[in-house]
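Following: one structure in structure tokens, then a few remarks.
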Amino acid sequence: HIDRLDALIQKQIAAGDESCEASFTAEVFDSLLECGFTQGEAAQYVAIFYQLRRAFYFINNSLIGNSPCMKQLRKRLWDNIFTNEGRWYIRCFWNRMEDFSTLLLGETGTGKGAAAFALGRSGFIPFVPSRHCFVESFTRAFVPINLSQYPETLIESELFGHRKGAFTGAVERHEGVFARCSPHGAIFLDEIGDVPEPVQIKLLQVLQQRTFSPVGGHEVCRFEGRVIAATNKNIGALRRSNAFRDDFFYRLCSDQIEVPSLRLRLQEMPSELEVLVRHMLRRMSGESEGDVLDRVLTALIKGVGKNYAWHGNVRELEQAVRCILLTGAYHGDRWADRGSDEWLAALERGDLTVGALTSEYCRRLFRRYGRYEEVARRTGLDWRTVKKHVDGKA
């Protein structure tokens, strides 16, 4: 029934928020009953079959690339949905995943939003045998909010909602994202590193107690979905400066997933550039082969070279492709920080001492993993030595 499940995914995307009937699920359900499953077990497995196909569809189509780090990313996202052992998930966790929060880390433009989108649309949605459909559409399951776009005075209202008259300008009742999220969905808190401490405390309460109250209201509302958060900032540095509370971090970090930079992807597999450009061209124009692809790739190599740092990551590459389609050329981001390029050039010239090389390597690993202990494990150095290199005291 794989083809039918995949067709149902496409049908549901087109239909939107109204759950589509899928008559073939009755056949699947009856087959499971004939094999000796109870009605409850059969309904659970039909829902899991659908969830498996949705997870594969969104992870596979949203996160393109064959480099080792991208394969690892897709595996991490799969485990985030189904746990590291499928038997555990089926036996214990299929209806308890709201207790597992996710923190996506990575530079701006790497695709953290795409990763969150894939996770948010791949949750378990119960099957209703009598109606031959699922209780709701997965298109309702993902509720994103970019926290950096709101002033501090409005963040609470956008998150938790407010009652009429709660503050000046609150002329009517407003539902926040926590109220709009379905029990089988997920909220995506983008730019979580920009959240002020008072809001962190209120979010901590939601993660701990699974409850919240609208601004200006006293009723207690329950939140049953999952929480996915993301930031391009160094969480370790934010915690050391007390800009990000430790207790809040520990409630968010059930799973920390690093979304790799485009630089790393191309270092591991240079041919990934062609894979990405082909995908982008197909999405932009329907053309992905022949002279269009060749022209864009030639212009990229001519304009920025093979060792360009891609400071804006995949987002910059997408705009570079558009720029080439419009103007015929792309010469890179001349306003970006060139420190990385200069360091690589110095490395190639042989101008770096062992101390400078070690310090920079430790700093880069720390920016990626945010923990001295992890850098020490990867470099074979003592963590105190790592800290000196990272802090510039070595």
Side-chain angles (χ1 to χ4, degrees), residues 6-7 9-16 53-67 69-71 73-74 77 104 106-122 138-139 142 144-146 148-149 188 190-191 230 232 259-336:
D6 290 349
I9 294 170
Q10 295 283 353
K11 180 181 177 182
Q12 189 63 73
I13 291 173
R53 293 310 300 173
R54 279 185 286 118
F56 180 82
Y57 178 90
F58 289 115
I59 291 176
N60 193 53
N61 292 335
S62 302
L63 299 146
I64 304 299
N66 299 317
S67 58
C69 61
M70 284 302 291
K71 291 180 179 179
L73 173 62
R74 287 194 290 269
L77 295 175
L104 298 170
E107 300 175 12
T108 183
T110 52
K112 297 185 295 296
F117 177 87
L119 293 176
R121 287 197 159 188
S122 301
F138 60 78
T139 61
F142 181 66
I145 178 173
N146 188 318
S148 65
Q149 74 182 66
F188 176 41
D190 199 7
E191 305 295 352
N232 58 15
V259 182
S261 67
L262 182 56
R263 291 187 302 280
L264 176 60
R265 296 169 65 175
L266 297 182
Q267 286 169 12
E268 291 183 346
M269 184 172 287
S271 60
E272 188 124 315
L273 181 68
E274 180 176 338
V275 173
L276 288 168
V277 171
R278 179 182 286 110
H279 175 73
M280 291 171 182
L281 287 173
R282 186 182 296 116
R283 192 175 69 245
M284 291 176 190
S285 64
E287 291 283 347
S288 62
E289 307 293 342
D291 60 339
V292 178
L293 177 63
D294 292 342
R295 180 176 177 180
V296 171
L297 291 173
T298 300
L300 284 172
I301 298 301
K302 182 179 179 181
V304 300
K306 295 182 178 180
N307 296 318
Y308 181 60
W310 293 107
H311 302 280
N313 291 290
V314 177
R315 187 178 296 144
E316 182 186 356
L317 175 59
E318 187 168 7
Q319 295 307 317
V321 171
R322 287 194 171 96
C323 184
I324 291 169
L325 292 175
L326 291 174
T327 69
Y330 181 72
H331 300 292
D333 181 4
R334 64 191 182 94
W335 303 108

Just so I know, are the side chains of [X] and [Y] near enough to count as touching, which here means a heavy-atom distance under 4.5 Å?
X: P144; Y: D190; answer: no
X: L266; Y: Y308; answer: no
X: M284; Y: L325; answer: yes
X: Y57; Y: I13; answer: yes
X: M269; Y: V275; answer: no

Basic-acidic side-chain contact under 4.0 Å: E268, K71: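 So E268 does not pair with K71 through a salt bridge.
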Taking all non-hydrogen atoms of both residues into account, name the closest pair between [X] and [Y] and its distance.
X: Y330; Y: E316; answer: OH-OE2, 2.7 Å
X: L281; Y: V321; answer: CD2-CG1, 3.8 Å
X: F188; Y: G113; answer: CE2-CA, 4.0 Å
X: A114; Y: S62; answer: CB-O, 3.9 Å
X: N232; Y: E191; answer: OD1-OE1, 3.9 Å
X: L104; Y: A115; answer: CD1-CB, 4.2 Å

Results of side chain to side chain donor-acceptor pair (under 3.5 Å) for [X] - residues two or more places apart only:
X: S67; answer: E272
X: E274; answer: R278
X: N60; answer: none
X: R53; answer: D6

Hey, can you pull the donor-acceptor pairs under 3.5 Å for the side chains in residues 295-303, sequence neighbours left out?
residue: T298; atom: OG1; partner: D294; partner atom: O; Å: 2.8

Find the distance between [atom1] ([X]) and [atom2] ([Y]) and round it off to the nearest 0.5 Å.
X: L73; Y: I59; atom1: CG; atom2: CD1; value: 8.5 Å
X: L276; Y: N66; atom1: CG; atom2: CG; value: 9.0 Å
X: C69; Y: Q267; atom1: SG; atom2: CD; value: 9.5 Å

For A15, the side chain to side chain contact (heavy atoms under 4.5 Å, CB included) test, sequence neighbours excluded, returns Q12, C20
Among residues at least two apart in sequence or on other chains, which ones pass ring-ring contact (aromatic ring centres under 6.0 Å, His included) with F117? F58, F142
Considering only residues two or more places apart or on different chains, which pairs with a residue in residues 106-121 satisfy side chain to side chain donor-acceptor pair (under 3.5 Å)?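 Those involving residues 106-121 are E107-R263, E107-N313, T108-R315.
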Between R74 and L63, is there a donor-acceptor pair closer than 3.5 Å when you use the side chain of the first and the backbone of the second? yes
